[in-house]
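Notes to accompany the following structure.
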Amino acid sequence: MSETSLRDIRLQKLARMRELGHDPYSIEKWEITDTAAGLKEKFELDREVSFAGRIRAPRVMGKAGFADLTDSDEKIQIYIRKDTAGDLAWELYNLVDIGDHVGVRGKLFVTKTGEKSIAVQEFVPLSKSLEPIPYGHEKDGQIFSGLTDQEVRYRHRHLDLLCVPESRKRLIQRAQVVSAVRRFFDDIGYLEVETPLLQLNAGGAAARTFSTHYNAYEQDVKLRISLELYLKRLIVGDLPKVYEIGRVFRNEGVSNRHNPEFTLLEFYEAYVNLETMMARVEDCFRFVAQRVFGTTELAGIDFGKPWHRLDLLGAIEQHTGLTAEDLTDKERAIARARELDVPAKAIAAGGFIDLNADRNLGGLIEKLLEVFIEPTLQEPTFVVGYPIETSPLAKKDPANPRMTRRFEGYVMGREVCNAFSEINDPIDQRERFEQQVSERERGDDEAHPMDEEFIYALEGGMPPTGGCGIGLDRMAMLLTGAEHIREILLFPFMKPESTEADA
RNA sequence: GGGCUUGUAGCUCAGCGGUAGAGCAGCGGCCUUUUAAGCCGUUGGUCGAGGGUUCAAAUCCCUCCGGGCCCA
């Protein structure tokens, strides 16, 4: 049967319902005395109930029939007889399809086979589903067939939510993760704030931007790539504990861990150092795991325990032999890396390093981190001490001015957070930005732009401050075991489907 | 961006040079305690799009458009 005629048949049924004086789309409300789960839990024979849900698995036999009705998380069986519900209700029952919403009133009873059910006295269609919902067949709690096409699942998420229980559960958990994070920071005295998405000078991260245009001011504007700079301006304004959970936009490719817009948490706290930031991260993961999943042990990781601490340069020396001394100068670092057979070691570690690649010393150090260290960080671990070139907003390490007071957290080999002691010296910050601007002039379109407004704010005096960012999508992926970022985004960005116009 | 793979009925899939198939859904019939209801009958497809090879293309080749996995 073609798509149109399936739809046409349903339209005909809708027309018939209207003839009978029951336009489902005209109904505004239906009393719900119980949820499906509640009906089964607190089952009382012969109790009068009123319930609404979607029709699934209608089974008609002669002048009686069964169907399952599902509410948001459970199903309950209904039983309708022509003689007790009446001719009108019986005809309406025969006009509903899988996926229609209906309201019922009736009495609870148990069938011969022991199924708790509603004996329907009143049956009212509340909405018609014109397009079939691709429910699978369910037996013993297992779904057969159903919706498996991932493209359809992502493009038409309502079908995924209706037809793929694991996906439904995961997406709900993702929402609960965000909610729990918010609760965590509220509970420890942070203020949740909102800062602009539309910015003249998108900064705070190394990323390409999206551009748009503000007509009223004839002004080109960018979508933000981080929350950082505005939040620190609030710290200067003596709001000493602030956080924001917000969407940021990075103009980069799509992968199983990248979507062009994603949800970022950033939190800033005055008068605290990296140790406090680490404790916040540990506490946050522990709180969220416990609150959403009821356990601190997820995916084989115990978030109840403190995370490991690892010095970046020390770890590089351990894996490659390159000392902190070797890594003070790019030429020297490359020469020593050749002597120590670092490219061969990289291949042995399952990675690849091209010593001739165009990058600065900081880039080389981060490459060494990526190849030799990240894959080994299965247990939650903070890697501490990042090179200055790649950390233009982090305080210099007094013990090694080539490095910064910055850490990243890793779990199961993947980065989950990025934190530093924020630069509060406006002179230092200006120099860092100037360095970034020269990188940008050399063609690095991810380098940080100058931001005079931000520096002006720092000149107002910012207290020593710890700051941290956590990608909440990746956090949700980690906690739910999702392998693809699209599994925890309700509406991931999808390429437009081709149309006839393209041909 | 590169490699591999995939797109066939509303859904899940088979067919891989010779008249487009199955299960479920749908439609019609029987059936007043079924539950993947059952039994009988039956409708439904520009085989992702375009081009090519061939007597003949869902099937082989090319291009394009989606999706997935791996790599960058």
Side-chain angles (χ1 to χ4, degrees), chain A residues 1-13 16 36 40 55-70 75-87 89-90 93-100 106-120 129-156 159-160 162-164 252-258 346-347 350-354 357 359 367 370-371 482-487 492-503:
Chain A
M1 177 139 322
S2 76
E3 191 179 334
T4 47
S5 53
L6 270 178
R7 194 164 181 276
D8 288 346
I9 287 163
R10 291 182 174 214
L11 283 169
Q12 285 161 19
K13 290 178 178 176
R16 178 60 185 151
K40 290 180 179 177
I55 291 274
R56 296 189 56 169
R59 308 178 284 280
V60 184
M61 25 222 108
K63 297 180 178 60
F66 291 91
D68 295 333
L69 287 192
T70 57
K75 67 182 180 193
I76 185 80
Q77 178 171 265
I78 61 168
Y79 175 55
I80 181 166
R81 299 166 56 113
K82 188 179 184 186
D83 56 4
T84 56
D87 292 352
W90 180 246
Y93 171 75
N94 282 279
L95 289 169
V96 298
D97 290 293
I98 291 171
D100 288 2
K107 285 185 177 173
L108 296 180
F109 79 111
V110 182
T111 63
K112 272 186 196 169
T113 53
E115 177 98 12
K116 293 166 181 170
S117 309
I118 302 171
V120 172
S129 165
L130 296 179
E131 291 293 332
I133 304 294
Y135 286 127
H137 297 288
E138 188 183 331
K139 188 182 189 182
D140 304 327
Q142 270 205 313
I143 303 280
F144 296 85
S145 298
L147 183 62
T148 64
D149 187 319
Q150 299 199 46
E151 181 177 356
V152 174
R153 290 185 44 231
Y154 299 145
R155 285 190 193 277
H156 308 295
L159 297 177
D160 184 42
L162 291 173
C163 302
V164 185
E252 55 198 15
V254 167
S255 81
N256 65 338
R257 293 193 290 282
H258 294 85
I347 288 165
F352 178 75
I353 288 185
D354 176 5
R359 59 165 92 83
K367 186 71 184 173
E370 176 194 324
V371 170
E483 282 301 313
H484 204 298
I485 195 170
R486 285 176 170 172
E487 295 291 358
F493 194 88
M494 302 291 284
K495 264 195 203 178
E497 290 172 290
S498 64
T499 61
E500 306 85 60
D502 296 336

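Throughout, protein chains are lettered first and strands after them, A, B, ... in sequence-line order, and every chain is numbered starting at 1.
Atom P of B:rC61 sits at a distance of 15 Å from the matching atom of B:rG18, rounded to the whole Å. Comparing B:rG66 with B:rG50, their C1' atoms sit 15 Å apart, to the nearest whole Å. Comparing the same atom, C1', in B:rA22 and in B:rA9 gives a spacing of 11 Å after rounding to whole Å. Nucleotides B:rG41 and B:rG23 have their P atoms positioned 12 Å apart, rounded to a whole Å. Between the P atoms of B:rC11 and B:rG17, the separation comes to 27 Å (whole Å). A distance of about 39 Å separates the C1' atoms of B:rC62 and B:rG26, rounded to the whole Å. Nucleotides B:rG52 and B:rU6 place their P atoms 25 Å apart, quoted to the nearest Å. Rounded to a whole angstrom, the distance from the P atom of B:rG7 to that of B:rU12 is 12 Å.
In this structure, A:Arg155 places its CZ atom 8 Å from C1' of B:rG67, rounding to the nearest Å. The nearest whole Å value for the distance from the CG atom in A:Asp8 to the C1' atom in B:rC27 is 13 Å. Atom CG in A:Leu162 sits roughly 14 Å away from atom C1' in B:rC11 (whole-Å rounding). The CE atom of A:Met61 sits 13 Å away from the P atom of B:rC31 (whole-angstrom rounding). Distance CD (A:Glu487) to P (B:rG67): 14 Å, rounded to an integer number of Å. Going from atom NZ of A:Lys495 over to atom C1' of B:rC64 covers 11 Å, rounded to whole Å.
Between A:Arg486 and B:rG68 there is a side-chain polar atom (N or O) within less than 4.0 angstrom of OP1 or OP2. For B:rC27, one of the phosphate oxygens OP1 or OP2 lies less than 4.0 angstrom from a side-chain nitrogen or oxygen of A:Lys13. Listed pair A:Arg59 / B:rA37 meets the phosphate criterion, a side-chain N or O lying under 4.0 Å from OP1 or OP2. For A:Thr148 and B:rC13, the shortest distance from a side-chain N or O to OP1 or OP2 is below 4.0 Å. Considering only side-chain N and O atoms, A:Lys82 lies nowhere under 4.0 angstrom from the phosphate OP1 or OP2 of B:rU32.
Ion pair A:Asp68/A:Arg56 not flagged as a salt bridge, since none of the NZ, NE, NH1 or NH2 atoms sits closer than 4.0 Å to an Asp/Glu carboxylate oxygen.
Side chain of A:Lys63 to main chain of A:Lys82: no donor-acceptor pair is present (N/O by atom type, distance under 3.5 Å, no hydrogens or angles). Side-chain N or O atoms of A:Arg10 include one that pairs as donor or acceptor with a backbone N or O of A:Ser129 at under 3.5 Å. Between the A:Tyr93 side chain and the A:Phe66 main chain, a donor and an acceptor come within less than 3.5 Å of each other.
Side-chain atoms of A:Gln77 and A:Arg59 form a donor-acceptor pair, as typed in the model, at a separation below 3.5 Å.
Of the candidates A:Leu11, A:Asp100, A:Asp97, A:Leu11 is the only one forming a side-chain contact (heavy atoms from CB on, under 4.5 Å) with A:Leu130. Of the residues listed (A:Ile118, A:Val120, A:Ile78), the one engaging A:Leu69 in a side-chain contact (heavy atoms from CB on, under 4.5 Å) is A:Ile78, and it is the only one.
A distance of 9.5 Å separates OH of A:Tyr135 from CG of A:Leu159, quoted to the nearest 0.5 Å.
For A:Gln77 against B:rU34, a side-chain-to-base donor-acceptor contact under 3.5 Å is present.
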Check your understanding: With Watson-Crick and G-U wobble geometry limited to distances under 3.5 Å, how should the secondary structure of RNA chain B be encoded in dot-bracket form, using | for bases paired to another strand and [ ] for crossing pairs?
Key -> (((((((..((((....[..)))).(((((.......))))).....(((((..]....)))))))))))).
